[in-house]
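Here the structure comes first, spelled out in C-alpha cells, and everything after it is commentary.
In this text, all values refer to a predicted model and were calculated from it rather than measured experimentally. Throughout, protein chains are lettered first and strands after them, A, B, ... in sequence-line order, and every chain is numbered starting at 1.
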Amino acid sequence: MKTTIEKLEDKYLVTLVGELDTAAAAEVEKTLQPLYNTNGLDVVIDCAGLEYIASSGLRILISILKGAKSGGSKVIMKDVNDDIKTVFKLTGFINIFEVE
Amino acid sequence: MIGRDKFILSFRGRRRLLIVVIAVVLVELLSAAQYYFTHNLMEQELDKRAEMELTTKAIITKGIFENSERFLKSHIMEVKRNLVHPDSLVGIMAWTLKYSPHLKGCGIAFNPGYYKDKEYLYEPYALRTDSGIQCLQVAGERFDYTKDGFYRYIQEKKANSWVGPYEDAYLKRKLVSYAMPIYADHGDTVAVLGIDIDTQNLGDTLNSRHIYPSSFDLLLTEKGELISGPSDPDLQKKVAEVVDVINDSTFKKTWIKEGRVCVTTYYDKEAGDELSIFYASMKEQPHWQIAVVCYDDEVYGSLFKLRIRLLLLSLLAFGILLYILGRFARSEEELKRTTLEEERIAGELRAASQIQQSMLPRSHLRTDDVDICGSLVPAREVGGDLFDYFIRDEKLFFCIGDVSGKGAPSAMLMGVVHSLFRAFTAHENDLVKIMQAINIASCRGNDSNMFVTLFMGVLDLPTGHLRYCNAGHERPFVFENGKWEIVECSSNLPIGLFDDMRYVVQDMQLPPDSILFLYTDGLTEAKNKERKQFGMKRTQDALDACAGQQISPQEILASVSKEVHQFVGDAEQSDDLTMLAICYI
C-alpha cells in the first residue's frame with residue numbers, strides 16, 4: 001500500500017495505490033493525518049491505483065472529509081474503480097464525497 | 001511489583017555469578033596445576049643446564065691445571081741441570097712463561113743461604129706484566145718466602161701440590177700456585193719450583209659466559225674457601241653471601257645427578273628473589289669446587305610472566321562472558337516479561353470474548369410465527385459484528401450490523417450500539433425515531449469517526465408487514481416465490497457519522513414461508529489463499545442451492561457456511577462472519 005501527499009497551490013493531491021485493508025490502515029492514517037485540517041484547501045484523492053478499501057480505510061476518508069467540511073473545502077475522489085464505486089453507492093458515501 | 005522483580009533478578013544474577021565464579025576457580029586451579037607441572041619441568045631443565053655448566057667449567061679449569069702441571073714437570077729437569085748457574089735460571093723461566101699466557105709468574109725459592117754468593121733469601125722470578133715479562137728477585141725484606149708463598153707450603157707438604165689461595169705479599173694479589181720441591185742428589189729439598197696463577201684471571205675465565213644474565217660462577221677450595229669469582233665489584237657482597245651459604249650446614253642441601261651435584265637455595269633479600277646454587281667437586285686433585293649461581297626470576301621469569309598474562313586474559317575473557325550472560329539474562333527477562341504481558345492480554349481477550357458471546361441472543365428461536373437462526377464467528381477473540389432480535393407486542397425487532405474495523409476497539413463500539421438498540425426498541429416502534437436516536441447517541445464522543453453499518457427491521461407478525469432501514473449495510477436476500485432476490489434498499493449513511501442524518505425507512509410485505517437472509521461483509525469479502533473474495537455471485541449461488549427444498553434457516557446457514565469454508569480453505573479468517581436467517585411462517 002503506497003500513500004503519497006503532494007501540496008499544490010490550491011489543493012492537496014493524495015495518491016493511493018494498493019489495498020487499503022485494516023492492516024494497512026494504521027500506516028495510511030499516520031501519513032494522511034496532516035490532511036485532517038487543510039485550512040480551506042480541497043483534497044483530491046487519486047484512486048486509480050486503489051484496488052480495495054475496507055471500513056478502516058473509509059474511516060480515514062471520513063476524518064479527512066469532516067476536517068475539510070469544517071474548513072469549507074471539499075474532498076474529491078478521482079478515478080474510483082467500479083467495485084469501490086458500488087460500495088460508495090450502497091453505503092450512501094457517494095452522497096458525501098465527490099466521486100469522479 | 002518492581003521491587004519483587006528486582007529481587008528475582010538479583011537472585012538469578014547471583015546464581016549466574018556463582019556459576020561464573022566456580023568456572024573461574026576451576027580454570028584457575030587447572031592453570032595453577034599446569035603452572036606447577038611446567039615449573040617442575042623447568043626445574044629439571046635447570047638442573048640439567050647447571051650440571052652441563054659445571055661440567056664445562058670443570059673441564060676448562062682442569063685444562064688450566066693440567067697445563068700448569070705439565071709446564072712445571074717439563075722444566076724441572078732443565079732447572080735441576082742449571083742449578084749451578086743460578087743466573088740462567090730466571091731466563092729459562094721467562095722463556096717458557098712466554099708460552100703459558102694463563103700463568104702470572106714462575107719462580108724458584110731456594111732454601112735460605114743456598115747460594116753463598118747470592119742473598120740469603122733468594123727467589124728468582126719471572127713475572128708477567130702488562131708491558132711484558134720481567135725478571136726479578138722477589139725475596140728480601142718485603143717478602144720472606146719462608147713465612148709465606150708456595151715455598152712454605154711445599155716445605156710442609158714435601159710433595160707436588162696446588163696451594164692457596166693466598167694473598168701474595170709481593171704482588172699484592174690473590175694467587176693460587178702449583179709447586180714442586182726440587183731435590184738435590186742427596187735426597188733433600190734444596191728449592192721449590194712454583195708457578196702462580198692470578199685468581200682473578202681464573203675467575204674471569206670461569207665467568208666469561210653465563211647461563212643466565214645475572215648468573216655467575218665461583219671456584220672454591222675443597223674446604224669451601226673462595227678462590228675466585230666474578231670481578232664485578234658490585235657482586236662481591238653477593239659472592240661472599242653465596243660462599244657463606246655453601247659452607248653453612250643449616251641450609252638444606254639436595255643431591256642431584258646421582259649425588260654428583262649439590263643444590264641449595266636461599267632468599268636474597270636485597271634482590272627480592274630466590275637464589276639457586278649448584279656446586280660440585282672436581283674429581284681430580286686438588287678437588288676444588290665449582291659453583292654456579294642463578295636467580296629464580298631469570299630461570300622461571302618467563303613462565304611467571306606468561307602465567308600473569310594468561311591470568312589477565314582469562315579474567316578478561318570471564319569479564320566478557322559475564323557481560324554476555326548478563327545481556328542474555330536481560331533479554332531473557334524482557335522476553336519473559338513480554339510473554340507474561342501477552343498472556344495477560346490474551347486472557348483478557350478470552351474473557352471479553354465470552355462476555356460478547358453471552359450478549360448475543362439465542363442462536364435459534366422457533367415460534368408459531370417465525371423460525372430464526374443466527375451465527376457470529378469473530379475473526380479475532382472479540383469482534384465488531386452484531387446481530388440481535390427479540391419479540392415484543394407481536395412484533396419482531398431485529399438488526400444486523402458491522403462496526404468499522406475489527407478487534408477490541410470495534411467490539412467496544414458494538415457493545416454500545418447493541419445496548420442502544422435494546423434501549424431504544426424497548427418502548428419505541430417507529431423505526432425512523434429509533435435509527436435517529438441510535439445515530440445521535442453514537443455520534444457523541446466519536447472523535448475517531450468509527451461508524452457502524454446497520455440493517456434494522458420491525459416485522460409485524462400477524463400481518464407480515466416489514467418496515468426496514470438500511471444504514472450503509474449489505475442488502476439482504478429474500479426468498480419468495482421460489483427465488484432468492486436482493487432486497488432493494490435506499491442508501492443511508494452508516495450510523496455514527498453525522499448526527500443530522502435523516503434515515504429513510506422502507507416497507508415490504510413478507511409472504512408466508514418467505515425467508516430473509518441477512519449477513520455482513522465478512523461473508524462476501526471472505527478471502528481465500530489467492531486473496532480472491534467469495535463475492536456476491538457465490539453467495540447468490542450458495543443460496544440458490546438451497547432454493548428447492550423446504551429448508552430451514554438453520555440448514556441455510558449451515559449450507560452457506562460450508563460453502564464459505566470450502567472456498568476460504570486454509571487462509572486466515574479476515575473478517576467477522578455473521579449471518580441471520582428469518583423465516584416468516
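Interface remark: A:I94 contributes no atoms to any contact with chain B (heavy atom separation under 4.5 Å). Of the atoms belonging to B:S448, heavy atoms from both backbone and side chain fall under 4.5 Å from chain A. Contact of A:K89 with chain B is made through the backbone alone, with heavy-atom distances under 4.5 Å. For A:E19, the part lying under 4.5 angstrom from a heavy atom of chain B is the side chain only. In this structure, the portions of A:L58 lying under 4.5 Å from any heavy atom of chain B include both its backbone and its side chain. Residue B:E525 touches chain A through its side chain alone, counting heavy-atom pairs closer than 4.5 Å.
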Item checked: Test log, rule side chain to side chain contact (heavy atoms under 4.5 Å, CB included), inputs A:K69 and B:F498 -> CA-CA 12 Å; A:K69 268 186 101 176; B:F498 299 105; 4.3 Å; yes

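Ion pairing between B:K527 and A:D21 fails under the 4.0 Å rule for side-chain N and carboxylate O.
Counting all heavy atoms, side chain and backbone alike, B:S491 lies closest to A:T91 at CB-C, 4.2 Å. Listed here is the closest heavy atom pair of B:P494 and A:F93: CD-CE1, 3.3 Å.
Residue-environment remark: CD (B:Q540) exceeds the threshold of 12 foreign heavy atoms within 6.0 Å. Within a 6.0 Å sphere centred on CZ of B:R422, heavy atoms belonging to other residues, nucleotides or ligands number more than 12. Other residues, nucleotides and ligands place more than 12 heavy atoms under 6.0 Å from the CG atom of A:D10. Open room surrounds CD on B:E572; 12 or fewer heavy atoms of other groups in view lie less than 6.0 Å from it.
When the candidates A:G92, A:S56, A:A54 are compared by the number of heavy-atom contacts under 4.5 Å with chain B, A:G92 comes out ahead.
Checking side-chain atoms of A:R59 against main-chain N and O of B:S404 turns up no donor-acceptor pair under 3.5 Å. Of the possible polar contacts, one joining the A:K66 side chain to the B:L497 backbone as a donor-acceptor pair under 3.5 Å is found.
Close approach to chain A, defined as a heavy atom under 4.5 Å from one of its heavy atoms, is seen in B:Q533 of residues 532-539 of chain B, taken by number.
Put simply, CG on A:L90 and NE2 on B:H473 are 11.0 Å apart, with the number rounded to the nearest 0.5 Å.
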